[in-house]
Amino acid sequence: MTKFKVHLIFIGILLSSLECSPSKRESFNIDVLMPLKYTSVPLDILVNFPQNYNGLNIETEGYFIATFEDLAIYKSKFDYYSDSKNKAIWINFNSELNSNLDDTCKKLNRRYVIVRGRFITKSKGHLGNYVGEVDNVYYISSN
């Protein structure tokens, strides 16, 4: 029984030290045009009914990927790894963010993020593979 208690204490110390270290919860924000009004839309609704949000400023949340020929948010990590671009939205950043873009993408790559920008169904990202595009992204934050 004491061996069990020692293991339990060790696990408790290990877990508490992990919680105190910097984690993926650390937020990184880009904030250029915050006064814009937006409609909050879950990504699965946006993907299934894109025509309802065409031309609107939206906020949505998903798994952000910033790799060669793939700058998008997916509904989930699973959708990304199963190459489900039909469940993903292409991301196009506001031109004023270009100076910070590389660093931002590196910091937020493969993390769940919230993005705000104008949703367009006409543009479908690289090779037209995505449901639509969040254009003029002016806000991105990890959660």
Notebook entry, point to check: If you round to the nearest 0.5 Å, how far is CG of D70 from CD1 of I91?
Noted result: 10.5 Å
Note to self: To check you understand the geometry: which heavy-atom pair defines the closest contact between C105 and F93, and what is its length?
What the structure shows: SG-CE1, 4.0 Å
Show me the side-chain donor-acceptor pairs of residues 42-59 shorter than 3.5 Å, one per line, residues at least two apart or across chains.
residue : atom : partner : partner atom : Å
N48     : ND2  : D44     : O            : 2.9
N54     : OD1  : T121    : N            : 2.9
N54     : OD1  : T121    : OG1          : 3.2
E59     : OE1  : S40     : OG           : 3.3
E59     : OE2  : R116    : NE           : 2.7
E59     : OE2  : R116    : NH2          : 2.8

Checklist line | Whether N136 side chain and G117 backbone form a donor-acceptor pair below 3.5 Å | finding: no
Notebook entry, point to check: How long is the span from the CD1 atom in I114 to the OG1 atom in T60, to the nearest 0.5 Å?
Noted result: 9.5 Å
Check: Can you tell me how far the OG atom of S142 sits from the CD atom of E61, to the nearest 0.5 Å?
Finding: 10.5 Å
Item checked: Hydrophobic cluster membership, I120 vs W90, 4.5 Å side-chain cutoff -> no
Checklist line | 4.5 Å side-chain heavy-atom contact, N92 and V134 | finding: no
Item checked: Contacts of type salt bridge (Lys or Arg N to Asp or Glu O under 4.0 Å), residue K87, not counting sequence neighbours -> D79
Next item on the list: With the side chain counted from C-beta on, respond yes when I73 and I65 share a heavy-atom pair under 4.5 Å apart, and no when they do not.
Entry: no
Item checked: Partner set under ring pair (Phe, Tyr, Trp, His ring centres under 6.0 Å) for Y74, not counting sequence neighbours -> Y80
Checklist line | Straight-line distance of K106 NZ to L108 CG, nearest 0.5 Å | finding: 13.0 Å
Margin query: With rounding to the nearest 0.5 angstrom, report the CD to NZ distance, E133 to K122.
Written below: 12.5 Å
Check: Are I140 and L71 co-members of a hydrophobic cluster defined by side-chain heavy atoms under 4.5 Å apart?
Finding: yes
Margin query: Quick one, F64 and R111 - any side-chain contact, counting heavy atoms below 4.5 Å?
Written below: no
